[in-house]
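The next block holds one structure in the form of structure tokens; read it before the comments.
Numbering of ligands and ligand atoms starts at 1, following listing order.
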Amino acid sequence: MILEEQKDPMGWAIADYYRNGVAGRLRVFSSMFDEDEMPVEELFRTLDEMPEVERTAIALARGRVLDVGAGSGCHSLALQEKGLIVTAVEISPRSVDVMKKRGVADARLINLYDKELAEKFDTILMLMNGTGIIGRLSNMTTFFARIDELLADGGQLLIDSSDLIYLYENEDGSVDIDLNGDYYGEVDFMMQYKNMKGASFDWLYVDFETLSNYACKNGFKAELMAEGEHYDYLARIVRK
Ligand code: SAH
């Protein structure tokens with residue numbers, strides 16, 4: 001699945017910001033949080049402006065790299081500057097257009113799951129809550145099977161996420177979660193830019209232990225490489 005041009009609010013915000021140096025409000029609606037805004041300039045962050053978790057990922061990247069859901073191309077550009085060969089994939093037509101204009105040498109309008117993407121990569125990068133693209137815990141098996149197809153021998157997946165447990169913590173440290181309900185990191189999002197609304201989509205936040213357990217069940221192992229200031233972390237996942 002590729003986004004329709006008229007249902008790509010983040011892509012249009014990225015295009016406006018690229019063209020004019022400013023963008024309107026990129027509004028975010030979700031099942032978990034109050035209405036919010038995504039600061040569009042942050043999608044254009046440079047290496048120096050990236051959080052520690054992301055800078056660690058850039059430092060660990062090696063060989064041929066696949067940047068999944070590359071957005072404006074911020075990580076792809078940082079890696080190209082290090083001399084790495086990067087393929088950036090996006091389902092947002094406007095974002096791919098901007099990446100090409102910004103100098104991402106191989107930016108493709110293609111879904112991670114599209115079998116036309118058939119090369120092997122030494123590093124697969126998924127950043128800015130990269131586990132979001134997995135969507136739901138029930139997609140983990142399909143996700144890891146796809147990563148297995150795309151990873152070269154000895155390759156690594158570098159992926160970040162946040163543990164949303166803090167939303168459920170009481171002041172005394174106890175936690176209120178419904179163990180019979182959906183996993184607490186499964187969120188439904190919708191974005192809007194100006195009058196353009198995108199379709200709603202599933203977005204997964206996952207704690208490191210749960211991610212690690214799913215990795216193990218699917219032939220991989222996960223290692224915690226960095227922890228951020230707010231329940232966020234970077235995992236490196238390799239074959240067992
Ligand atoms: N990595 C970028 C952007 C993160 S937003 C950054 O850190 O700034 C997540 C991006 O993933 C969006 O631009 C969205 O269009 C893209 N995306 C979502 N699902 C995808 C999929 N299945 N394949 C490729 N890209 C996807």
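- For His75, the heavy-atom gap to ligand 1 drops under 4.0 angstrom.
- Within the structure, ligand 1 has Arg45 among the residues with a heavy atom less than 4.0 angstrom away.
- Taking every non-hydrogen atom of Ala70 and a distance limit under 4.0 Å, the qualifying atoms of ligand 1 come out as 2 (C).
- Of the candidates Leu112, Val68, Leu3, the one placing a heavy atom closest to atom 23 (N) of ligand 1 is Leu112.
- Judged purely by distance below 3.5 Å, without hydrogens or angles, the side chains of Asp48 and Thr46 never pair a donor atom with an acceptor atom.
- Classification of the Phe33-Tyr205 ring pair by plane angle, with boundaries at 30° and 60°, yields perpendicular.
- The protein non-hydrogen atom at the shortest distance from atom 12 (C) of ligand 1 is Glu90 OE2, 3.4 Å.
- Contact annotation for Glu54 and ligand 1: no heavy atom of the residue comes within less than 4.0 Å of the ligand.
- Scanning all protein heavy atoms for the shortest distance to atom 5 (S) of ligand 1 gives Met10 CE, 4.0 Å.
- Looking from atom 11 (O) of ligand 1 to the surrounding protein, the closest heavy atom is Gly69 CA, 3.3 Å.
- Between Trp203 and ligand 1, not a single N/O pair is under 3.5 Å apart.
- Every N/O-N/O distance between Asp67 and ligand 1 stays at or above 3.5 Å.
- Counting atoms of ligand 1 from 1 in the listed order, those under 4.0 Å from a heavy atom of Cys74 are 8 (O).
- Under 3.5 Å, the side chains of Tyr184 and Asp163 contain a donor-acceptor pair of N or O atoms.
- With a 4.0 Å heavy-atom cut-off, ligand 1 is reached by the backbone of Leu127 but not by any atom from C-beta on.
- Ring orientation note: the planes of Tyr166 and Tyr231 are tilted relative to one another, at an angle of 30° to 60°.
- Looking from atom 20 (C) of ligand 1 to the surrounding protein, the closest heavy atom is Ile91 CD1, 3.8 Å.
- Look at Glu42 and Arg45 and you find no salt bridge, because none of the NZ, NE, NH1 or NH2 atoms lies under 4.0 Å from a carboxylate O.
- Annotation: atom 22 (N) of ligand 1 to nearest protein heavy atom, Asn111 OD1, 3.0 Å.
- Donor-acceptor pairing under 3.5 Å is recorded for the side chains of Asp207 and Thr210.
- Checking Tyr193 against Asp16 by side-chain atom types alone, a donor-acceptor pair falls below 3.5 Å.
- Side chains of Arg64 and Thr87: a donor-acceptor N/O pair is present below 3.5 angstrom, by distance only.
- Atom CD1 of Ile165 has more than 12 neighbouring heavy atoms from other residues, nucleotides or ligands inside a 6.0 Å radius.
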